[in-house]
2 protein chains.
Amino acid sequence: MSTDPPGFELPLRLLLGFRVLIDGLHAELARQGHPDVRPAHGFVLQAVGHGTTAVELGRRLGVTKQAAAKHVDALERLGYLRRAADAADARRKLIRLTDRGVDCLARSARIFDELRSGWAATLGEDRLQALEADLRTMTPTTPFGLDFPGWFGGARSDG
Amino acid sequence: MSTDPPGFELPLRLLLGFRVLIDGLHAELARQGHPDVRPAHGFVLQAVGHGTTAVELGRRLGVTKQAAAKHVDALERLGYLRRAADAADARRKLIRLTDRGVDCLARSARIFDELRSGWAATLGEDRLQALEADLRTMTPTTPFGLDFPGWFGGARSDG
DNA sequence: ACATATTCGACAACCAGGTTCACTATCTCG
DNA sequence: CGAGATAGTGAACCTGGTTGTCGAATATGT
């Protein structure tokens, strides 16, 4: 039986909601001096955190190490990341945030909090917390930064 | 973490929620005889509805007519769509669902309803309706099938 | 009625982000 | 020591999107 809203509505609204927040983030980020950072970059910077390697980064992002390396290339070119040799293991190259990368990440966190506050102001904090709780219930427990599936299609592997 | 979740959590969970549903849809769709239909295809079939043109399809999907035409090419090759000349206007080619396309669309609708029922069973129908209502509140009113923004990337703005 | 403008579909080139395959350099361990 | 795993890189390719261009067909204005 078709429930009141067609089942189609739910996934669509989830996607729209995501886009609203991401678009809001990048509009504001651009305004605050980071015009050339793109949606995927934020996730990458977040996943880099306090230093990692390309393989580990790929694992965290749920993509191949090659895909991760491409992002690192781009972000290094933009001045958000730096590669450095690992003294303990000559195979590895440590990826670390530059000052600009840290700044971008800090601003992103603040902007996300502000956007969330906007939602709370409209929906009410309790409704928003219920929404978050329900989404946590229905989605895999993948605290960001550790093994979570690629954002979209894709079925990583490689090794 | 219990209260005051980082603002980052919200967009992530929205995206995860979307993916859970889409992955569920396509897993079940594959089981029901449509193994080669991919995420974007469902949106295209939905947007085609009872016949349209490439330009109109692009407008509905929020992409260029060329991008829309590529999807039509793929879905025509897979046997879900058919192009036919428009008797009234020799420039146009009418895009229409084949029987297989209609079947796929009908199954998708049923599966989406079932997935939604699963959510309702876990969260409770009232909580789910609240979630849907809140998402409707926070997202642009773009009833599917008419002018809605691309699912992801969005505007070019260099790279 | 006819010149001009617009629209439709197609083709080509390109970009972003992902994949697999392949390869070298470097550990690690039995 | 040597076999095997692991880190990074490069190349070829796929998908899905973008411009830009173009010819054919239809609309439109004088």
Side-chain angles (χ1 to χ4, degrees), chain A residues 15 19 22 26 36-44 47-48 51-78 81-95 148-159, chain B residues 15 19 22 26 36-44 47-48 51-78 81-95 148-159:
Chain A
L15 180 55
R19 288 225 33 204
I22 292 298
H26 286 91
D36 41 12
V37 73
R38 323 204 326 110
H41 296 161
F43 289 86
V44 174
V48 166
T52 186
T53 68
V55 166
E56 172 65 16
L57 179 61
R59 197 178 68 75
R60 288 187 189 167
L61 293 176
V63 299
T64 59
K65 59 184 180 178
Q66 293 91 334
K70 287 189 188 180
H71 284 295
V72 174
D73 288 344
L75 286 168
E76 192 175 31
R77 227 177 303 120
L78 289 172
L81 294 179
R82 196 177 343 120
R83 279 184 173 104
D86 182 343
D89 186 338
R91 291 172 305 179
R92 315 175 95 199
K93 290 186 182 172
L94 272 301
I95 303 165
F148 83 107
W151 348 100
F152 214 63
R156 84 215 126 282
S157 61
D158 197 62
Chain B
L15 179 56
R19 288 227 31 206
I22 291 298
H26 286 91
D36 40 13
V37 74
R38 322 205 321 111
H41 296 162
F43 290 86
V44 175
V48 167
T52 186
T53 67
V55 166
E56 172 65 16
L57 179 60
R59 197 180 67 77
R60 289 188 189 168
L61 293 175
V63 300
T64 59
K65 59 183 178 177
Q66 292 90 336
K70 287 188 188 180
H71 284 295
V72 174
D73 287 344
L75 286 168
E76 191 175 32
R77 228 176 303 119
L78 289 172
L81 294 178
R82 194 176 347 116
R83 278 184 173 102
D86 182 343
D89 187 337
R91 292 170 304 180
R92 316 175 97 201
K93 288 187 183 173
L94 272 301
I95 304 166
F148 84 106
W151 351 98
F152 211 64
R156 78 259 48 159
S157 80
D158 154 61

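Chain A is the first sequence line, chain B the second, and so forth, proteins listed ahead of strands; every chain is numbered from 1.
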Worksheet entry | Distance below 4.0 Å between T64(A) side-chain N/O and dG18(C) OP1 or OP2 | no

Worksheet item: R59(A) has an atom CZ; how far is it from atom C1' of dT6(D), in whole Å?
Response: 14 Å

Worksheet item: Considering residues at least two apart in sequence or located in another chain, which fulfil the side-chain contact (heavy atoms from CB on, under 4.5 Å) criterion with D86(B)?
Response: A88(B), D89(B), R92(B), L94(B)

Tabulate protein N/O versus nucleotide N/O from nucleotides 13-15 of chain D, keeping only pairs under 3.5 Å, one per line.
residue, atom, partner, partner atom, Å
dT15(D), O3', R38(B), NH2, 3.0

Worksheet item: Of all of residues 82-93 of chain A, which get a heavy atom below 4.0 angstrom from DNA chain D, listed by number?
Response: R83(A), R91(A), R92(A), K93(A)

Worksheet entry | For A68(B), all residues meeting side-chain contact (heavy atoms from CB on, under 4.5 Å), sequence neighbours excluded | L57(B), V63(B)

Fill in: Under 3.5 Å donor-acceptor pair, Q66(B) side-chain atoms to dG20(D) base atoms
yes

Item to complete: State whether H71(A) places a side-chain N or O below 4.0 Å from either non-bridging phosphate oxygen (OP1 or OP2) of dA16(C).
Response: no

Item to complete: Nearest 0.5 Å please: distance from the NE2 atom of H71(A) over to the CG atom of L81(A).
Response: 11.5 Å

Worksheet item: Closest heavy-atom contact between A47(A) and L61(A)?
Response: CB-CD2, 3.7 Å

Fill in: Spacing of L78(A) atom CG relative to dA16(C) atom C1', expressed in whole Å
13 Å

Worksheet item: What integer distance in Å separates L57(B):CG from dG9(C):C1'?
Response: 13 Å

Discussion item. Just to verify, what does E76(A) make a side-chain hydrogen bond (donor to acceptor under 3.5 Å, both in side chains) with, not counting sequence neighbours?
Written reply: R83(A)

Worksheet item: What does A67(B) touch in the nucleic acid at a heavy-atom separation under 4.0 angstrom: a base, only the sugar-phosphate, or nothing?
Response: base

Response to the item:
Here the distance between atom C1' of dC11(C) and atom CG of D73(B), to the nearest Å, is 11 Å

Worksheet, complete the sentence: By nearest-nucleotide position on DNA chain D, the 5'-leaning member of K65(B) and A74(B) is A74(B)

